[in-house]
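The structure appears right after this line, and notes come after that.
Note: hydrogens, waters and symmetry copies are ignored here, and every other heavy atom, side chains too, is used. Order of listing sets the numbers, starting from 1, for every ligand and every atom in it.
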Amino acid sequence: MDYKKNIDKVLYDRDILAARVVEVGRQIRADYAGKDLVAVTVLKGAFVFAADLIRAIDLPMAVDFAEIISYGEGAEIAEEVVLTKDVAVNVKGRDVLVVEDIIDTGLTTSFLVDHLRIREPRSIHICALLYKPAMQRVEVPLRYVCFEVGDVFAVGYGLDYAGQYRNLPDIVTLKEIPPEE
Ligand code: XMP
Ligand code: MG
């Protein structure tokens, strides 16, 4: 079975992604010059985006990773959010930039931001590849957004459907999506 047969539309192709990521990286570089930047990438969805983004930020920085799994998808509020991997670097007094794949309701990211704030970073902001403003339910310190999207289910460039499609170089929608999405 060709997994690509389930692709519906290309939302953002690899060239558009590359250009926008460079643009956002430059913005981050300008804002974080002279700061003590720690980029915290949220696994798994943001790993492809983060790999490109950090190389577009020409500044000294530390990188680390956190993994969060949320249950309760689509329009429902995430019922359970579990931190399955914590950051290892000390973020106290440092300038944390959380690198996220997508802000939907904001609940997953909000959970991580609250968790990191306990360690007293000097600042904490979010850089998201995709943002669904119409879906947001909680405020998060979102500072950088590559693309705003409507209520679509997007995969590719790190984003998955049932664990698949993360390796697609473009961000696409699928013909068959989970019924709750
Ligand atoms: P919340 O609602 O907590 O959820 O902001 C964010 C998480 O939900 C997943 N999500 C998506 N994953 N395509 C995906 O591949 C999408 O369009 C999408 N919308 C939400 C994702 O895991 C994200 O971290
Ligand atoms: Mg995610």
Side-chain angles (χ1 to χ4, degrees), residues 3-14 16-18 20-21 24 39-54 63-87 96-118 124-181:
Y3 71 105
K4 287 189 174 167
K5 282 197 177 136
N6 197 23
I7 293 174
D8 186 18
K9 279 188 292 234
V10 175
L11 288 181
Y12 304 105
D13 70 25
R14 62 203 77 185
I16 287 170
L17 288 169
R20 181 65 184 139
V21 170
V24 172
V40 174
T41 298
V42 185
L43 298 173
K44 303 184 176 70
F47 84 107
V48 177
F49 170 47
D52 288 338
L53 182 73
I54 62 165
V63 296
D64 205 352
F65 302 88
E67 184 176 30
I68 303 174
I69 296 185
S70 39
Y71 304 93
E73 288 155 38
E76 292 163 37
I77 288 186
E79 281 137 29
E80 207 187 339
V81 183
V82 181
L83 185 77
T84 50
K85 190 215 169 297
D86 203 348
V87 291
V96 171
L97 184 64
V98 175
V99 182
E100 259 290 17
D101 55 355
I102 184 161
I103 309 289
D104 192 312
T105 63
L107 287 157
T108 309
T109 315
S110 164
F111 174 87
L112 178 65
V113 167
D114 289 348
H115 173 78
L116 292 172
R117 275 195 176 129
I118 295 165
I124 183 159
H125 295 285
I126 299 159
C127 176
L129 172 64
L130 302 178
Y131 173 46
K132 294 183 177 174
M135 307 300 290
Q136 196 175 356
R137 293 183 187 216
V138 292
E139 279 303 311
V140 288
L142 186 57
R143 196 175 194 187
Y144 308 97
V145 171
C146 291
F147 302 100
E148 284 193 9
V149 290
D151 188 18
V152 293
F153 195 78
V155 302
Y157 197 62
L159 292 150
D160 76 304
Y161 165 51
Q164 295 295 314
Y165 298 102
R166 294 193 197 277
N167 56 318
L168 287 180
D170 309 313
I171 294 180
V172 305
T173 55
L174 298 176
K175 287 176 190 153
E176 287 186 28
I177 57 167
E180 68 266 36
E181 296 296 337

As an exercise, identify every atom of ligand 1 less than 4.0 angstrom from a heavy atom of [X].
| X | result |
| --- | --- |
| D160 | 14 (C), 15 (O) |
| T108 | 1 (P), 3 (O), 4 (O), 6 (C) |
| K132 | 16 (C), 17 (O), 18 (C), 19 (N) |
| A154 | 13 (N), 14 (C), 15 (O), 16 (C), 17 (O) |
| V152 | 17 (O) |

Does an N or O from [X], backbone or side chain, lie closer than 3.5 Å to an N or O of ligand 1?
| X | value |
| --- | --- |
| S70 | no |
| G106 | yes |
| F153 | no |
| E100 | no |
| T105 | yes |

Check: F147 ring centroid to Y12 ring centroid under 6.0 Å:
yes

For the residue pair Y157 / D52, report whether a side-chain donor-acceptor contact shorter than 3.5 Å exists.
yes

Using the side chain to side chain contact (heavy atoms under 4.5 Å, CB included) rule, take I7 and L168 through it: C-alpha gap first, then chi angles, then the decisive distance, then the call.
CA-CA 10 Å; I7 293 174; L168 287 180; 3.9 Å; yes

On a heavy-atom basis, which atom in V152 and which in K132 lie closest, and how many Å separate them?
O-NZ, 2.8 Å

Taking all heavy atoms of F49 and all of L129, pick out the closest pair and write down the distance.
CE2-N, 3.5 Å

Output all residues satisfying salt bridge (charged side-chain N to carboxylate O under 4.0 Å, His left out) with D8, sequence neighbours left out; order by chain, then residue number.
none

With a 4.5 Å heavy-atom cut-off, do C127 and L53 have their side chains touching?
yes

Listed by chain and number, what are the side-chain contact (heavy atoms from CB on, under 4.5 Å) partners of D160, not counting sequence neighbours?
R166

Option with minimal heavy-atom separation from atom 19 (N) of ligand 1, where the choices are V138, V155, D104, T109:
D104

